[in-house]
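Notes to accompany the following structure.
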Amino acid sequence: MVRARPWTAVPDQGGRRVVVTGATSGIGLLTSKVLAHRGAHVVLAVRDPAKGERVARELSSMRGRVEVSRLDVSDLDSVHAFAERTGEVDVLVNNAGVLGLPRSASAQGHELQLATNHLGHFALANLLLPRLRDRVVVVSSASHRHGDLDLEDLDWERRGYRPYAAYAASKLANMLFLAELQRRLGAAGSTLRATGAHPGNTRTAITSSTGNGLTTRVGAVGQGLVAMPAWRGALPVLYAATMDVPGNSYLGPDGPGELWGWPTQVGRSRAASDPDLARRTWTATERLTGVVWPFSRR
Ligand SMILES: NC(=O)C1=CN([C@@H]2O[C@H](COP(=O)(O)OP(=O)(O)OC[C@H]3O[C@@H](n4cnc5c(N)ncnc54)[C@H](O)[C@@H]3O)[C@@H](O)[C@H]2O)C=CC1
Ligand SMILES: O=C(O)c1cccc(O)c1O
């Protein structure tokens, strides 16, 4: 179905408080904008508070209140500090991400794409869960299909480091986190849910932050040709954050190649559907982050 202003399908968000990580650009910015437009109180969880304040001013004409809170999601100390000062939250949108970086390390010495895209968001979700009222949204990617996780070497110390492979692995970790989080919530008898989204190929800053590997350069050219504007990429994220979809839903655009369509359930790889791999990845991630499941039943 084609609609002139598709974000108007997003239900009223009055009274809901939503945390969006990486809210200063791209999909996170447009997600925050629409949520505030629909009346949500949006917490912009951002690395650079000055940039966050500029975005907050840009969104000040929206209906909902917009607040800036510092978070470097790759740094577990920053994640703990953020979680401690953040009160009750309806929705956590784990959106921040980096793609194709040359090898680099987080504050705790973890490979930076894994630390940003997976470890920090895993820790943040588990720390906020006791104060969460509705759901966790995992922003993953079709790139998870190329992901290969070595649970003995999540930090790429023994395997040769390849920037795009590390990205794809971190996005597979996102998918496994989504599935195992939903399984645990169900087992604990919680009404909270975990939902996932694939934005589709969207023109944002993410490809410009990449290294100069061949894949990322080819990717950047391809992106220029077919990529969607950021508001389009934000739609599956908005749906995953606001619609009454089942836990472990994974929404993406329904156009050819997961582009240019209306958000719908899209497929995931066999590895992303493997419950045993999901459990083992969860345990390995608890070990790397030192953050564990907060409820007694799992
Ligand atoms: N653009 C695309 O075509 C696709 C994007 N995605 C995913 O969408 C999500 C958003 O990416 P885009 O909007 O495309 O890129 P972007 O580069 O425009 O936005 C990413 C945001 O994350 C923030 N960020 C990065 N590291 C951070 C850290 N350590 N702490 C806090 N914030 C940090 C950046 O400052 C930026 O605001 C990512 O998770 C990405 O993997 C998935 C599939 C396709
Ligand atoms: O699907 C894509 O094209 C894409 C582009 C940039 C980043 C991604 O994760 C992607 O999946």
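Scope of the values below: all heavy atoms of this structure, side chains included, with no hydrogens, waters or symmetry mates. For ligands, and for the atoms within them, numbers begin at 1 and follow the listed sequence.
Taking distance alone, with nitrogen or oxygen atoms compared against 3.5 Å, Ser141 stays at or beyond that limit from ligand 1. Annotation: Ile27 places an N or O atom under 3.5 Å from an N or O atom of ligand 1; distance criterion only. Considering both main-chain and side-chain atoms, Ile206 comes within under 3.5 Å of ligand 1 through a nitrogen or oxygen pair. Between Tyr167 and ligand 1, at least one pair of N/O atoms sits closer than 3.5 Å.
Listed by number with element, the atoms of ligand 1 under 4.0 angstrom from any heavy atom of Asp72 are 28 (C), 29 (N), 30 (N). Listed by number with element, the atoms of ligand 1 under 4.0 Å from a non-hydrogen atom of Val98 are 25 (C), 26 (N). Less than 4.0 angstrom separates some heavy atom of Thr24 from each of these atoms of ligand 1: 37 (O). Close approach of ligand 1 to Ser74 (heavy-atom distance below 4.0 Å) involves ligand atoms 29 (N). Less than 4.0 angstrom separates some heavy atom of Asn201 from each of these atoms of ligand 1: 3 (O). Interface atoms of ligand 1 facing Leu71, defined by a heavy-atom separation under 4.0 Å, are 30 (N), 31 (C). Close contacts between ligand 2 and Ser141 involve ligand atoms 8 (C), 9 (O), 10 (C), 11 (O) [criterion: under 4.0 Å to a heavy atom]. Within ligand 2, counting atoms from 1 as listed, the ones closer than 4.0 Å to a heavy atom of Ser143 are 8 (C), 9 (O), 10 (C), 11 (O).
The heavy atom nearest to atom 30 (N) of ligand 1, out of those in Val138, Val73, Val93, is found in Val73. Considering each of Thr202, Thr116, Leu29, the one bringing a non-hydrogen atom nearest atom 1 (N) of ligand 1 is Thr202. Compare Gly22, Ser78, Ser25 by their heavy atoms: the one nearest to atom 19 (O) of ligand 1 is in Ser25. Within the set Ser170, Gly97, Gly200, Gly26, the minimum heavy-atom distance to atom 20 (C) of ligand 1 is found for Gly97.
Side-chain contact check for Tyr161 versus Gln113: some heavy-atom pair is nearer than 4.5 Å. Put simply, the side chain of Arg183 reaches to within 4.5 Å of the side chain of Arg279, judged on heavy atoms.
A side-chain donor-acceptor contact under 3.5 Å links Arg297 to the backbone of Ala187. Ser74 places no side-chain N or O within 3.5 Å of a backbone atom of Asp72 that could act as its donor or acceptor partner. Using a distance-only test at 3.5 Å, with no hydrogens or angles considered, no donor-acceptor pair links the side chain of Asn248 to the main chain of Gln182.
Judged as a side-chain hydrogen bond (donor to acceptor under 3.5 Å, both in side chains), and not counting sequence neighbours, Glu58 has no contacts.
Between the side chains of Asn117 and Ser170, at least one donor-acceptor pair of N or O atoms lies under 3.5 Å.
The closest approach between any non-hydrogen atom of Gly233 and ligand 1 is not below 4.0 Å. Heavy-atom distances between His198 and ligand 2 reach below 4.0 Å in at least one pair. Residue contacts with ligand 1 leave out Arg203, since none of its heavy atoms falls under 4.0 Å from the ligand. Residue contacts with ligand 1: Ser140 is included, with a non-hydrogen atom under 4.0 Å away.
Judged by the 6.0 Å distance and 45° axis criteria, Arg159 is positioned over the aromatic ring of Trp156.
Between His198 and Tyr250, the two ring planes are tilted [angle within 30° to 60°]. Under the 30°/60° scheme for interplanar angles, the aromatic rings of Trp293 and Phe295 are found to stand perpendicular.
Sorted by first then second residue, the side chain to side chain donor-acceptor pair (under 3.5 Å) pairs that include residues 187-197, not counting sequence neighbours, are Arg193-Asp244.
Between Arg16 and the choices Thr242, Asp90, Asp134, the side-chain hydrogen bond (donor to acceptor under 3.5 Å, both in side chains) rule is met once, by Asp134.
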